[in-house]
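A short write-up of the structure that comes next.
Each chain gets a letter, A, B and so on, in the order its sequence line appears, and its residues count up from 1. Here the structure is a predicted model, which is why all the values come from computation and not from measurement.
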Amino acid sequence: MSFAFSVAGILAAPFLGGLLAGLDRKITARLQGRKGPPIIQPFYDVIKLFGKESTYTNRHQVFYIYAYLLWMAMALLLLLTLQDFLVFVFALTFAEISLALAGFSTRSPYSHIGSNREILQILASEPVLVFLAFALYLASGSFMAGGLFLLGEPLLRNFPLIFAAVLLILTIKMRKSPFDLSSSAHAHQEIVRGVTTEFSGRYLALSEIAHWVELVIILFVVFLFWVDPWWVGILLALAAYLAEIVIDNIFARLKISWMVATAWGWGFGLSLLNILYFTM
Amino acid sequence: MSFRTIIPFGPQHPVFPEPIQLKLAVEDEKVVEAIPGLGYVHRGLEKGAELNDYVKNIYLAERVCGICSFIHSWTYCSCIETLLQVEVPPRAEFLRLVFSELSRVHSHLLWLGLYADAFGFESLFMQCWRVRERSLDMQEAGGGGRVILSTCTIGGMRKDLDEDMRRAFIKEVAEIRRDFQQIMTPFFEDYSIKKRTVGIGVLTKEDAQSLGAVGPVLRASGVAGDTRLLGYGPYREVDFEPVVEAGGDCHSRGKVRVREVLRALDLITQALERLPEGEIKTNFRGKLNGEVFQRMEQPRGEMLYYVKAGSNRSLDRFRIRTPTFANIPPLLKMLPGCDLADVPVIVLSIDPCISCAER
Amino acid sequence: MQMLATVLNNLFKRPVTREYPYRYREPFRSSKGRLVLDMRECIMCTACEKRCPAGAFEIKRKEGLFKFDPYSCVVCGACVEACPKKCLDVDSDWRKPVGEMRTEIWHIEPPAKVKSPAGAETP
Amino acid sequence: MSWNGFFLIAIVLPLVVAGLVYVVRSVQIRKILIISMAVALWAAGLWLHFSVGAEPQSFSFPWMNLPILLGDLMILAYITYVAIERRHPYLLIIGALQLAGLLYIEFALRPDMTQVSSLVIDRLAVVMFLLVSLVGSIICIYALRYMDEHSLHNGLRSETSHFQPLSPEASAQHDQGHTGRFFFWFVAFIGIMNGLIFANNIFWLYFFWEATTLCSFLLIGYEKTEESQSNALLALFLNSIGGLAMVVAIFLLVNSFDGDILSLLAVVDSGLEIISTPFQVALAFLVAAGFTKAAQLPFQNWLLGAMVAPTPVSALLHSSTMVKAGVYLILRLAPAYHGVLLSSAITLVGGFTFFAASLLAVADDNAKRILAYSTVANLGLIVACCGVNTPLAVSAAVILIVFHGVTKALLFMGVGVIEHAIGSRNVENMEGLVVRMPAVMVVMTIGVFGMFLPPFGMLFGKWAALEASIREPLVIGLLVAGSTLTAMFWTKYLGRMLSSLPGAEDRVIPAPISGYYMATLGILAVGVVGLSLGMTGVVQALAIPAVENWYAVAIQEVSGLNLAVFSWASYFNPEIVLGNFVVPEGLFPVGLLFLGLVLTVTIPLFFFSPEKERVSRVYLAGENLEDADSEEDLTSDMIPAGDAPREKGEGKMEGSFAGPLEAPAEASLGGYYFRNVLSEKLVRGLNGAAILLLLWMIGVALV
Amino acid sequence: MNLSRARSPWVLHYDASSCNGCDIETVACMTPLYDIERFGAISIGCPKHADILLVTGTINHKSLRVLRNIYEQMTEPKVVAAIGICATSGGVFHQSYNLLGGVDKAIPVDVYISGCPPRPEAIIDAIVMGVEKLKKKGKEGLAGSAEASSG
Ligand code: SF4
Ligand code: SF4
Ligand code: SF4
Ligand code: SF4
Ligand code: SF4
Ligand code: SF4
Ligand code: SF4
Ligand code: SF4
C-alpha cells in the first residue's frame with residue numbers, strides 16, 4: 001500500500017478506533033438493556049480530558065505515556081505499510097511496555113499492580129502474534145505482511161488454530177471481560193483503574209487514544225486473515241469485534257493466573273500445533 | 001528484603017460503595033495479611049438516640065442503614081411496643097412482614113448486583129438492579145419511599161394497603177419472580193462465575209459457628225440458623241423454612257441469597273393472600289420502663305436491639321448488634337491466602353453493610 | 001454463558017431506560033418527595049418542631065419567627081401528623097438542586113391567625 | 001606493524017602489564033599502565049580491522065608448543081592441587097582424568113604438530129578481538145575506580161549485607177595487598193582471551209581455554225569470603241568438565257585421524273568431508289565444552305555464582321571474555337556440523353537455555369543475577385543461532401555477540417555504580433534510582449532498552465534469529481516464549497528503578513558520580529546507541545565478512561546446492577547506513593525505528609513543561625497523609641485542616657497513608673516474582689531436562 | 001471543548017458517612033432504568049479522572065481527611081455535589097457527637113440536593129446542574145477556578 005495511504009491510515013485510525021469504542025459502549029449498553037451514550041461519546045471524553053488540568057506524579061511518567069502513543073502509531077504504520085510482521089510485533093511490544101513503565105514509575109500500589117498485570121498481558125499475548133508472523137512466513141515465504149496479498153488464498157484456511165488464538169488475545173488486548181485485568185473502562189474492580197490510575201487530563205487522553213489505535217491494530221490483524229477479497233476480511237474483523245462485546249457481557253472477569261494459563265496453554269499451544277502441523 | 005506490596009484498600013475505592021479500609025499486604029498477588037480499618041461511617045447513632053424523644057428514634061433507627069431500613073424500624077418499634085405492652089393489630093403485623101420481606105428482596109438483588117460487579121460481570125449487575133427497581137416501585141407505591149419508608153410506627157403501620165394495591169402487589173411479585181428467574185441461572189451455573197467463586201473464601205461449619213457468623217454467611221456454611229424461625233411477628237403463621245447451602249464458599253453464599261429472594265417473594269405472596277382485615281394501628285399511652293432485647297432477621301442476618309428506658313421520654317441505653325458486625329470476624333478469617341482479585345468477592349460475599357456495622 | 005440469552009434478548013428489545021429529564025414519570029401518589037408548607041393557618045404551637053427528628057424547624061414564638069430548613073428535612077412526615085392546623089403536607093414531587101442552601105423564614109404574629117408568608121429570605 | 005608485533009601487543013602486552021601492575025604497587029603508575037595498554041589495544045584493533053582480508057591467515061610458532069604444553073600441565077597440576085586442598089573429590093577426578101588424558105595423548109599418541117599452524121587470524125577473530133580489546137579495556141579502566149571504592153567498602157560480604165566502611169588508612173593497606181593481585185589476573189585475562197581467539201592448534205586452544213578457567217577461578221574467589229571461595233570452586237569444577245570434554249575431543253581427533261586434524265581450521269574443513277562417528281562425537285564434545293563456558297543449562301550455576309565477585313569481573317566475564325569464549329568456539333565450529341543432526345540438537349539446547357534462563361530471571365530479585373540469567377539466555381540464543389546454521393542465523397549470532405558484549409558490559413558497570421552508591425544489589429532496593437542517580441539511570445535505560453527493544457542491536461539480532469529459526473519449527477516455541485519472558489523481567493527491573501514518589505525530582509539531590517564512571521559508562525552508552533544506529537554498517541563490516549566464506553564452501557560441498565542461492569550479495573542488502581535492512585525473509589527498518597525513538601524523546605520535551613503542571617500525590621484510596629507543609633485552601637467557615645488527625649513530619653508522609661487505627665503506614669511496593677510457580681523444584685526440573693538434552697545431543701552424534 | 005465537558009461528566013462517588021440510602025440511589029442512577037451514561041457520565045473510581053464528586057452522608061472525624069484528599073487529587077475543573085440531607089446539613093443525625101456537619105464544612109460544594117434519600121431523578125438533576133457549573137468553571141479558565149469555587 002502506498003505511503004500516502006498509510007499516513008492517511010494513521011491519521012484516521014484514532015477516529016476509527018474512537019468510533020469503534022463508541023460503538024462498543026452503545027452495544028454494551030443495549031446488551032444490558034440500557035440506552036447508552038451517543039456513539040461519539042469517546043470523543044467527548046477525550047476532548048474533555050484535553051481540557052482538564054493535567055497533573056503528573058513524576059516526569060518519566062509523561063515520557064512513557066507519549067512513548068506509548070508514539071510506538072502504537074509506529075506499530076500501526078508498520079502494519080499499514082505491510083512491513084515485516086515481526087518488527088511490527090516488536091514495536092507493539094515497545095508501546096505496551098511503555099505503558100507498563102508509565103504505570104511503574106508512579107509508586108502507587110494500584111498502578112504498580114496494574115503494570116505488573118500489564119506485563120503479564122504482554123506475556124500472554126505477544127507469543128501468539130509472533131506465531132502469527134511465522135504463519136505468515138510459512139504461507140508466503142516472507143515475514144512481510146504484504147506477502148499475504150499475493151497469496152491467493154486466505155491465511156485462515158491454513159491457520160485456523162492461530163486465528164482462534166488471535167481471537168483469544170483480541171479479548172486481552174481489548175481489556176475486556178474475562179481479561180479486563182490491568183485496566184478497564186469500568187472502574188469497579190480491585191485495582192481501581194490499574195495502570196492508568198495515576199494518569200490525568202491530557203495524559204489520560206493520550207493513553208485513551210493509544211488504546212483506540214491498539215484496537216484498530218488488532219482488528220487489522222484479524223483482517224489479515226482474509227485479505228482477498230478485502231471485504232470478507234473487514235467483515236471478519238467486525239464479526240470478531242461484535243463477538244468480543246458479547247463475550248464481555250456474558251463473562252465474569254477472571255484472574256490473572258487464569259489468563260496466563262489460558263493464553264499459554266491454549267493460545268501458545270494452538271499456535272504451535274498449527275505451525276507444526278503445517279510444516280510437518 | 002520484602003516482596004510485600006502494602007495496599008490501602010479503601011476507604012475510597014470503587015468496589016466499596018461504603019468506606020472501609022483494608023490494609024492489605026500482598027505478595028505477588030496473594031494476600032498475606034488483611035487488617036481492617038473502620039470508623040469512616042461511624043455517626044454515633046446510638047448515643048444520638050439516647051438524646052432523642054423515643055418516638056423520633058423510629059426515624060433514626062431507620063437510618064442505621066438505608067437498605068433494610070424497614071426492618072430496623074420494625075425492630076425498634078417492637079422493642080418499644082414490648083416496653084409499653086402495646087398489642088399490634090394483626091393486619092399491621094402482616095404488612096410489616098410484607099415490607100420486611102420486600103426489603104430483603106431488594107437488598108439481596110442489590111447485593112447480587114454488587115457481587116456480580118465485584119467479579120467484573122457488569123451486565124449481570126445491571127440486570128439485577130433492573131429487576132430490583134420493580135421492588136423499589138412496590139415500596140414506593142406502598143410506603144412512600146423508595147428505600148426509606150418511614151411507614152412503621154409504634155403500635156402499627158402508618159399506611160395501609162387498599163384492596164387494589166394488594167392485588168397489584170400480588171401480581172407484581174409474580175412478575176418479579178418471573179424476571180428474576182430469567183437472570184438467576186448464572187449464579188448457579190455460569191462457568192466464569194464458578195471459576196471466580198467456588199472454593200473461594202471458604203468458611204467451615206465449625207468456623208462459622210465459633211466465629212459467630214450470622215445470616216446467609218452462616219446458612220451458606222450449612223447451619224440452618226435463621227431468627228425468623230423464632231416466629232416473631234407473623235412468621236409463626238406462614239410457611240417458612242430457612243435456605244441452607246453446604247459449600248461455605250462465596251458461591252454458596254451467592255446461591256443462598258438467590259434462593260432467599262425466591263423464598264421472600266413466596267412469603268410476600270403468602271402474607272398478602274392472607275392479609276387479615278382490620279385496624280393497622282393501636283394507639284398507645286404509658287411510660288417506658290425497663291429493658292428489652294429484640295432479635296430479628298435482617299437480609300444480612302440476625303440483628304439484636306437492646307433498649308433500656310428509665311421513666312422519661314428518652315432512652316437510657318440503646319444498643320444495636322448488627323449482622324455485619326458479627327460477620328467481620330469470619331471475613332478476616334477468610335481473607336488471608338486469597339488472591340488480590342478475590343478480595344472484593346470475599347468482602348462482598350458477607351454482604352457488608354458498614355453503615356450498620358459502625359452506626 | 002448463561003447470560004447469553006438475556007443479553008441478546010436485551011439487544012433486540014427496547015432499552016428500559018426511563019429517559020428522565022426528557023420524559024417525566026409521575027411519582028406514585030403516596031410518594032414522599034418534599035415537605036410543603038402553607039403557613040396561613042399556623043398557630044405557632046411548635047408541635048412540628050417537637051416532633052421533627054431532624055431539627056428542621058426553628059420556631060421562636062415570642063419573635064414570631066418560623067424557620068424551616070428544607071436541607072435538614074428528611075421528609076418523614078412526622079410533623080404533618082402532628083400539626084393541628086394541617087399547615088404541612090408532603091408532596092410527591094421533589095426539590096430541585098440548588099447552588100446555595102436557603103432556609104425558609106416566615107414572620108408570624110404569634111396569636112394572630114393569617115399572615116401571608118414573607119417569602120424566602122437569605123439568612 | 002608486523003603480524004608478530006600485533007601478537008605481541010594483543011597477547012603478550014596484557015600479560016606484561018599484568019606482571020608490572022602486580023610488581024609496581026603504585027596506584028598512579030598502575031593507572032598509567034592500564035590506560036596506555038587500553039590505548040595500545042584499541043590501536044591494534046583498528047589496525048587489525050583494516051589489514052585483515054577475507055582469507056584466514058595462519059602463523060606458526062612451533063618453538064612455543066613445548067612451553068604451551070608445560071603450561072597446560074601446570075594448570076592441571078594446580079587444579080588437582082586445589083581439588084586436594086579444598087577436598088573436592090569430583091574436581092580431583094576430573095582434574096586427574098584431564099591430566100592423564102593429556103599425558104596419554106602427548107606421550108602415547110605423539111601427535112606431530114610441526115605442520116600445524118599455531119595462530120590464525122580471520123574476520124571472526126577480528127570481531128572477537130575488537131570486542132575483547134575495546135570493551136575489555138574499558139572495563140579495566142572502570143575497574144581502576146571501582147576497586148578504589150571497593151577496598152574502601154571492604155567488599156560486599158554477602159548478597160544482602162550492607163557496607164562496613166573501613167578507615168582510610170586501613171583501606172590503603174588493604175588496597176596494596178589485594179588490588180594488585182586483582183589487577184594481575186584481570187589484565188592477564190584479556191591477554192589470555194586474545195590468545196584463545198587466535199588459537200588454531202587445538203593444544204594451544206586447550207591451553208588458553210584452561211587458562212581462562214583458572215583466571216576466572218581466581219577472580220571469582222578474589223574476595224576470599226566463604227561464599228566467593230565456594231562459588232569459585234564451583235566455577236572451576238563446572239569449567240573443568242568442559243576441559244575434560246575438550247580433552248576427550250582432542251583424544252578422539254588425534255586417535256582417529258592420524259594427526260590430520262589438529263587445528264580448528266582442520267576441524268572445520270574436515271567437517272565438510274568426513275561424517276564419521278568419532279569425528280561427530282569429537283565435535284559434540286567440543287560443543288559441550290563450549291556449553292560449559294557459555295554457561296548453558298545445566299552449567300549455568302557457575303556464572304550465577306560468579307556474581308559474588310567484584311562487578312568489573314562480572315562485566316568482563318559476561319561481556320567479552322569467558323562466556324563469549326564458549327559461544328565463540330561453537331560458532332567457529334558451525335560450518336563443521338552444518339547439515340547434520342547435531343546442528344539441530346545444538347539449536348534445541350540453545351533454545352531451551354534461552355527459555356529456561358529467561359524464566360528463571362523472572363523469579364530473581366538480585367540485579368546482578370538477573371543480568372547473569374539474561375546473559376545465559378542470550379548465549380542460549382546465540383547457540384541456537386549457531387545450530388540453525390544458515391547464513392542469516394550465524395550472522396545473527398555474530399551480531400548478538402557484539403551487541404550483547406557492549407550492552408551487557410554497560411549494564412554491569414551501571415549496576416556496579418548503583419551497588420556502590422546504595423549498598424545493595426537487590427532490585428527492590430533500587431526503587432527511585434531515577435531521582436537519586438539520574439545519570440546512571442539514563443545509562444541503565446539505554447542498557448535495558450538496548451537488551452530487548454527496537455531499534456537496538458540486540459533486538460535486531462533477535463529479529464534475525466527468529467527469522468532464521470523458521471527452519472527449526474521445534475525451537476520456535478522456545479524462542480518465542482523466551483523472548484516474551486525477556487521483555488517481562490527487563491520491564492519489571494526498569495520499572496522498579498523508575499518508580500519514584502511524586503515531586504521527588506525536586507526534593508532529592510542526585511548523588512555525585514565519579515568521572516571514571518561517567519567516562520566509561522558514557523563511552524559504552526554512546527557505543528550501544530551508535531552501533532545500533534549504524535547497525536547495517538556493523539553487519540556489513542563485521543558480521544558478514546566474519547562468516548561469509550563458510551557457506552560458500554559448506555553448501556557447495558555438503559549438499560551440492562547452487563552457490564548462487566546462498567550468495568551473500570543477494571542475501572543481505574543493506575541499503576544505506578540508516579536505511580532498511582533487507583533479507584529475503586523480511587526487512588528491518590533501522591532508520592524508521594530510530595526516528596521513532598528520537599521522536600519519543602523529543603516530543604514530550606516539546607509539549608511538557610513541568611513547571612506549568614501540578615504534581616499530584618499518588619492515589620492511596622483517599623488516605624494520603626498530609627505533608628506538614630501542605631496548605632489547604634479553605635474558607636473561614638470550614639473546619640480547619642488541623643482538626644483531622646494527622647502525623648507531623650517534614651514532607652516524609654509522601655507515599656504513606658493512614659492505616660487502621662490511624663497508624664501511618666507506607667504504601668510499599670513489592671515486585672512480582674511468581675515464586676510459587678518458579679520454585680526450586682522447577683529449577684531442578686529444568687536442569688534435569690537440560691542434562692537429558694545434552695546427553696541426547698552427544699547421543700545424536702554417535703549415530 | 002465546553003460541549004465535550006458538558007457531555008462527559010465522569011462522576012466519583014464518596015460516602016462520607018451515610019446510611020447507604022443515598023449511596024444505593026446514586027448507584028441506581030447507573031443502572032438500566034436511569035442510566036446516566038446517556039449523558040456520558042460514568043462512575044469512575046479514581047479521583048484523578050473525575051469531574052464531579054458526589055458526596056453522600058455527613059462528614060465525621062475520620063472521613064474529613066479522606067474527603068479532602070480526594071478533593072485535592074481531583075483535577076480542575078471539578079464540581080462537588082452534596083447528595084442528600086446528610087450531606088447538606090447532617091439531617092437526622094444532627095445531634096451526634098461524631099459528626100461535623102454538612103460537606104460544605106470540609107470542601108467547597110457547588111450543588112446541593114435534598115431528600116432522604118433523593119430519588120435517582122433528583123440525583124440526575126444534580127448531575128445536570130453540576131455539568132452547568134462545570135461548563136462555567138471551564139470557561140473561567142483553569143487557573144482561576146480554585147479560588148472561584150471556594151470564594
Ligand atoms: S468506648 Fe470504645 S470506641 Fe468508644 S472511645 Fe472507648 S474504646 Fe473507643
Ligand atoms: S446490615 Fe444492618 S443496617 Fe445494613 S441493611 Fe442490614 S441490618 Fe440494615
Ligand atoms: S463493664 Fe460492660 S458496660 Fe461497662 S464498659 Fe465494660 S462492657 Fe461496657
Ligand atoms: S460489643 Fe462486642 S465486639 Fe464490641 S467490645 Fe463489646 S464484646 Fe467486643
Ligand atoms: S449495604 Fe453496605 S455493602 Fe451493601 S450496598 Fe450498601 S454500602 Fe454497600
Ligand atoms: S417531614 Fe420529618 S423531617 Fe421533615 S420537617 Fe417534618 S418532621 Fe421534620
Ligand atoms: S404544628 Fe402546624 S400549627 Fe403548629 S407550629 Fe407547626 S406548622 Fe404551625
Ligand atoms: S440523607 Fe437520608 S438516606 Fe441519605 S444518607 Fe442521610 S439518612 Fe441516609
*To the nearest 0.5 Å, tell me how far B:Arg63 CZ sits from E:Cys116 SG.*
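Nearest 0.5 Å value for the CZ-SG distance: 3.5 Å.
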*Calculate, to the nearest 0.5 Å, the distance between atoms CD and CZ belonging to E:Glu25 and B:Arg146 respectively.*
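If I round to the nearest 0.5 Å, the distance is 4.0 Å.
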*Pick one of side chain, backbone, both or neither for B:Glu140, based on which atoms fall under 4.5 Å of a heavy atom in chain E.*
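The side chain, not the backbone.
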Please report the closest heavy-atom contact between [X] and [Y], naming both atoms and the distance.
X        : Y        : value
B:Trp129 : E:Ile24  : CZ3-O, 3.5 Å
B:Val147 : E:Pro117 : CG2-CG, 3.3 Å
B:His42  : E:Asn60  : O-ND2, 2.9 Å

*Criterion side chain to side chain contact (heavy atoms under 4.5 Å, CB included) against E:Cys19, the qualifying member of B:Val64, B:Ile67, B:Ile148*: B:Ile148
